[in-house]
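For ligands, and for the atoms within them, numbers begin at 1 and follow the listed sequence. Along the sequence shown, residues are numbered consecutively beginning with 1. Remember, predicted model here, so these are calculated numbers, not experimental data.
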Amino acid sequence: MTDYLRLGVNIDHVATIRNARGGIHPDPMTAAKIATQAGADGITAHLREDRRHINDDDIAKLSADIDLPLNFEMAVTDEMGIIAMRHKPNACCLVPEKREEVTTEGGLNVAGNGNRINDFSRMLQQDGMRISLFIDPDENQIEASAKTGADIIELHVGPYSHACLAGNQQQIAVELARLRNGAEQATALGLEVHAGHGLDYDNVSAIAAIPQIVELNIGHFLIGEAIFVGLEASIKKMRNLMDKARPKTH
Ligand code: PXP
């Protein structure tokens with residue numbers, strides 16, 4: 001349990017805008033530098049199979065030139081394993097990936113793919129990378145994650161975020177209870193707990209208040225808000241909301 005909640009800024013959607021015109025602007029590297037100045041604790045980037053936003057060159061530059069820890073979101077494929085081994089980010093967050101989905105829609109099925117995830121994780125861990133598994137706050141998935149020897153689970157808060165958008169109070173309460181229980185269970189099993197997906201200014205506080213969670217990874221909202229107020233301001237406001245919501249343990 002920690003008073004300080006880390007903020008990982010996901011810069012994928014800076015690359016989404018750049019790629020809309022196929023040029024070099026806006027540059028995700030500039031975003032990572034501004035995020036660093038604004039108080040981010042880490043940079044997160046997802047290299048998708050179809051390279052729809054972040055590309056291989058971005059990963060190479062982020063690994064070489066950014067001082068903050070890099071959290072490399074990736075599918076469990078041989079190709080991504082080779083890229084991770086090449087750049088050795090601080091952490092690899094393993095996510096499920098289907099080519100047609102708009103974003104990561106569900107958690108990784110660790111319970112159904114334990115052996116593959118286990119072998120894949122071990123290969124990267126032996127090379128010094130921490131392994132995070134992006135999973136739903138489901139008892140079986142958390143238990144299976146602990147068995148793989150992963151260092152971290154990132155709890156998928158997407159269903160909570162959707163319930164917030166819909167203003168469905170009953171569903172919000174259900175999803176929050178699942179997340180709180182999941183965070184407790186994972187910590188008891190020795191896993192570090194992160195969370196992310198769909199977080200914004202309105203819904204972040206309840207998640208930031210879960211004391212076992214040590215890191216939030218937030219992207220789409222921060223980059224979208226940056227269009228109106230600038231990236232530094234959008235990150236600083238999020239940082240502020242996270243700090244305010246965090247329970248003090250002393
Ligand atoms: N964590 C994971 C594992 C993700 O796949 C994503 C989306 O790329 C995020 C966090 C960030 O989600 P959002 O962009 O909705 O803030």
**Request:** Closest by any non-hydrogen atom to atom 1 (N) of ligand 1: pick that one out of His220, Glu154, Arg48, His197.
**Result:** Glu154
**Asked** Atoms of ligand 1 less than 4.0 Å from Asn217 heavy atoms?
**Response** 10 (C), 11 (C)
**Criterion salt bridge (Lys or Arg N to Asp or Glu O under 4.0 Å) against Arg51, the qualifying member of Asp58, Asp56, Asp57** = Asp56
**Request:** Evaluate the ring planes of Phe221 and Tyr201, with Trp represented by its six-membered ring, and classify them as parallel (under 30°), tilted (30 to 60°) or perpendicular (over 60°).
**Result:** perpendicular
**Item:** Selected option - heavy-atom contact closest to atom 2 (C) of ligand 1, from His53, Glu73, His194
**Value:** Glu73
**Pair Glu215, Asn217: side-chain N/O donor-acceptor within cut-off below 3.5 Å** = yes
**Asked** Ignoring hydrogens and geometry, is there a side-chain-to-backbone donor-acceptor pair from Tyr160 to Arg178 under 3.5 Å?
**Response** no
**Asked** Is there a nitrogen or oxygen of Leu199 sitting under 3.5 Å from a nitrogen or oxygen of ligand 1?
**Response** no
**Request:** Any atoms of ligand 1 less than 4.0 Å from a non-hydrogen atom of Val95? List them with their elements.
**Result:** 3 (C)
**Request:** Answer yes or no: does an N/O atom from Ile218 fall short of 3.5 Å to an N/O atom of ligand 1?
**Result:** no
**Message:** Determine whether a donor-acceptor pair (N or O, by modelled atom type, separation under 3.5 Å) exists between the side chain of Asn113 and the backbone of Arg116.
**Reply:** no
**Asked** By number and element, which atoms of ligand 1 are closer than 4.0 Å to a non-hydrogen atom of Gly198?
**Response** 12 (O), 13 (P), 15 (O), 16 (O)
**Asked** Under 3.5 Å, side chain of Thr44 to main-chain N/O of Glu73, donor-acceptor pair present?
**Response** no
